[in-house]
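The figures that follow rest on heavy atoms only: side chains count, while hydrogens, waters and symmetry mates do not. When a residue number appears, it is its place in the shown sequence, counting from 1.
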Amino acid sequence: MFALIESGSITKYLNGNKGLTLGDIQYPRSIFNLWSEAERNAIGIYSIVYDDSNKEDDMWYINTNQSYAYDASAGTVTATYGSATAKAHADTNFTAQDEEDGLGTEGELKSRGLKYNLIQSVKKEAANELTKTDWYITRNAEKSTAIPSAITTHRDLVRSRQAAMETSITNASDTPALETLYTYTKDSDGVSSRPLAEIPNL
């Protein structure tokens, strides 16, 4: 992305995918890949430098829109994020003001919280894993064929891991604590794992 600077201010954002006309001069698209930065700067076109230092993981945070600023002394245009906001952990209900504004009925569910959504994902992951061996249960019910002990052990482990993960999510005190549950770490052998977040595969 590029920015056009006129009279010390950003006046237009350019993708660099087509030519443009400045004053009486028409410039081809090739200026964006064949010209040097200094050559483009001379006609007021600057490459945008992206500063993602304030950007957080979208899984846990709501990031702001990027803001663009031209620094004449440095000769740069920079795109930055503001401070991100942690997603709400709990469900949110409509308020009296929301109802007055016609957005919904006070007290009714407005949006699900982060913890609810994470727990639903854990439930789905566990259900998907159990589905792989449900046929053993069906066969046992219909034909009285014994379920292999390894299958029973695995299904019990899936449910146990699911319950432990749901409890950990519920009890997490803040966003960093939730992030830890989903953070991979390596042991001394270089094997990556997460504390509880993975439902074991058969």
Value rounded to 0.5 Å, distance of OG1 in Thr131 from CG in Asp134: 5.0 Å
OG1 on Thr64 to CD on Glu56, rounded to 0.5 Å: 10.5 Å
Under 3.5 Å donor-acceptor, Thr180 side chain and Pro176 backbone: yes
Whether Asn63 side chain and Ala84 backbone form a donor-acceptor pair below 3.5 Å: no
Side chain proximity check, Ile48 to Thr78, heavy atoms < 4.5 angstrom: no
Tyr61 side chain near Lys87 side chain, heavy-atom distance below 4.5 Å: no
Any side-chain heavy-atom pair of Phe94 and Leu109 under 4.5 Å: no
Parallel, tilted or perpendicular, as decided by the 30° and 60° cut-offs, for the rings of Tyr50 and Tyr68: perpendicular
Over all atoms of both residues, closest heavy-atom pair of Tyr136 and Pro148: CD2-CD, 3.6 Å
From Thr152 atom OG1 to Leu157 atom CG, the distance as rounded to the nearest 0.5 Å: 12.5 Å
Proximity of Tyr46 and Phe2 rings by center, below 6.0 Å: no
Carboxylate-amine/guanidinium contact Glu142 Arg139, below 4.0 Å: no
Flag, side chain of Asp91 to backbone of Arg112, donor-acceptor distance under 3.5 Å: no
Under the salt bridge (Lys or Arg N to Asp or Glu O under 4.0 Å) test, residues paired with Glu37 that sit two or more places apart: Arg40
For Asn41 against Ile45, the heavy-atom pair lying closest together: ND2-O, 2.9 Å
Minimum side-chain heavy-atom gap Tyr182-Ile169 below 4.5 Å: yes
ILVMFWY cluster, Val122 and Ile119 together (side-chain gap under 4.5 Å): yes
Minimum-distance pair of heavy atoms, taken over all atoms of Met1 and Asn15: SD-OD1, 2.9 Å
For the student: nearest non-hydrogen atoms of Lys123 and Gln162, plus distance: CG-NE2, 3.7 Å
Heavy-atom side-chain proximity of Thr80 to Asn54 below 4.5 angstrom: no
Inter-residue atom distance Leu14.CG - Leu4.CG, 0.5 Å rounding: 6.0 Å
Salt bridge Arg155-Glu129, side-chain N to carboxylate O under 4.0 Å: no
Closest contact, heavy atoms only, Thr170 versus Lys115: O-NZ, 2.9 Å
Worked verdict on Val77 versus Val49 for side-chain contact (heavy atoms from CB on, under 4.5 Å): CA-CA 6 Å; Val77 175; Val49 178; over 6 Å; no
Heavy-atom neighbours of Asn65 CG exceed 12 at 6.0 Å: no
pair Asp52-Gln66: side-chain heavy atoms closer than 4.5 Å: yes
Side chain proximity check, Leu20 to Phe32, heavy atoms < 4.5 angstrom: yes
Separation between CD of Glu179 and CE of Met59, rounded to the nearest 0.5 Å: 9.0 Å
Taking every non-hydrogen atom, the tightest pair across Leu22 and Ile43: CD1-O, 3.5 Å
Thr95 side chain to Asp98 side chain, donor-acceptor N/O pair below 3.5 angstrom: yes
Glu6 and Thr11 side chains, donor-acceptor separation under 3.5 Å: yes
Arg159, CZ: over 12 other non-hydrogen atoms inside 6.0 angstrom: yes
From NE2 (His154) to OG (Ser149), nearest 0.5 Å: 13.5 Å
Ala88 backbone acceptor or donor facing Thr92 side chain under 3.5 Å: no
Side chain Asp71, main chain Ser73, donor-acceptor under 3.5 Å: yes
pair Leu181-Met165: side-chain heavy atoms closer than 4.5 Å: yes
